[in-house]
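Every number for a ligand or one of its atoms is a count from 1 in the order of the listing. In this chain, residues are counted from 1 in sequence order.
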Amino acid sequence: MEAGLALRSPLEAIRRFHDELTLLRRDLHAHPELGFEEVRTSGIVARGLELLGIEVHRGIGRTGLVGVIRGRRCDSGRMIGLRADMDALPMAEDNGFEHRSGKPGLMHGCGHDGHTAILLGTARYLAKTRNFDGTAVLIFQPAEEGLGGARAMMEDGLFDIFPCNAIYALHNWPGLPAGKVGINPGPMMAASDRFEIVIEGRGGHGAHPYQTIDPVVVAGQIITATQSIVARNVNPLDSAVVSICSVQAGNPGAMSVIPREARLVGTVRTFRRTVQEMVENRLRELAGSIAAAFGATATLMYDRIYPATINTPYEANFVADVASAMLGKDNVIRDLSPSMGAEDFSFMLQGRPGAYFRLGQGGAERGCFLHNSNYDFNDEVIPLGAGIMASLVERSMPVID
Ligand SMILES: [Zn+2]
Ligand SMILES: [Zn+2]
């Protein structure tokens, strides 16, 4: 055991190797990898865990891996899962500092480098102290950014092999001051769906539109009408977003060619299944009947990408209690407003009780949020995240001598 480690609080203990975790985080930042391609990253994680004497299970969800730490007692039979995501984004970085991305068009723009470093910090502390009665399961997840790495791990039997009693995850949050934590006992992130509407008309000469069925005009009507779904169909006490983010038709170099087809692509965000179903149905009805009114057809393709991230109340309150004990109760927001963004930890929360919380990053003065090309994870908060994660394990499974 490292001298005195067990005598200290997790936060104090982890602060002793803060510098090493910062170097590791910056190394990960300089070497970003896309979802399911985290070969270098998962290799570094696996080696790091093995050096700590932690049992490693690789290949769960392709590039995903799990580290298993048994407490100094295992009488409780309990198992707590902690999850970090490892993937980067397909975006170019505009930062000039030394640890900027060394790969053109790839960037850790969401701070998953920080999440990975945090969980490795937790692993180091827990492996050295083992001051709990049960098993800690450290879940290093691939492909959070849109590819459903959490689901891939579950399809590979994550919770059959490691039947966790509760699971926890964090996400850094630039809008929240460093040193603060935010959580609530219910919805944290929305369900994220993708839809595509293909409008088929009849193309022709722009000077003779009466001979055509113009899909561009139909698309315009559909774009306007879909905004009535949130305004007129969704109960104002529920939340939903319908955004059409891509409009494709015709050729900018052909001013007088009315195209045959127009295509709209967008996203729907909701928290409740009933609202999600209603929005999908209204999109289909509006698109189909508006197109029909103009003599065109419209087909809706609707994919449910990530479900809503819903905390279970007991585990969410437990996170808030643990964070309050560490950071002071004034630094813990217990009724944080949910975000209409999405998160694939939601798949894990469909299978197990648990909670997802936000770790403040500060940086409001830099004015860049997640997925901004000037974003960088704030290394100052690494021990806070790692300390809370470690404390969740210790306090969920206390050793009673
Ligand atoms: Zn992201
Ligand atoms: Zn993220």
salt_bridge(Asp401, Arg73) N-O dist < 4.0 Å
yes
Cationic N near anionic O, under 4.0 Å, Arg26 to Asp379:
yes
Listing protein N, O or S under 2.8 Å around the Zn ion (ligand 2) gives Cys110 SG, His112 NE2, His171 NE2
Heavy atoms from other residues, nucleotides or ligands near CZ of Arg72 exceed 12 (cutoff 6.0 Å)
yes
Over 12 foreign heavy atoms within 6.0 Å of NZ, Lys103:
yes
In this structure, is the centre-to-centre distance between the rings of His112 and His171 below 6.0 Å?
yes
Please step through salt bridge (charged side-chain N to carboxylate O under 4.0 Å, His left out) for the pair Arg124 and Glu20, ending with a clear verdict.
CA-CA 11 Å; Arg124 177 162 168 185; Glu20 287 167 67; 2.9 Å; yes
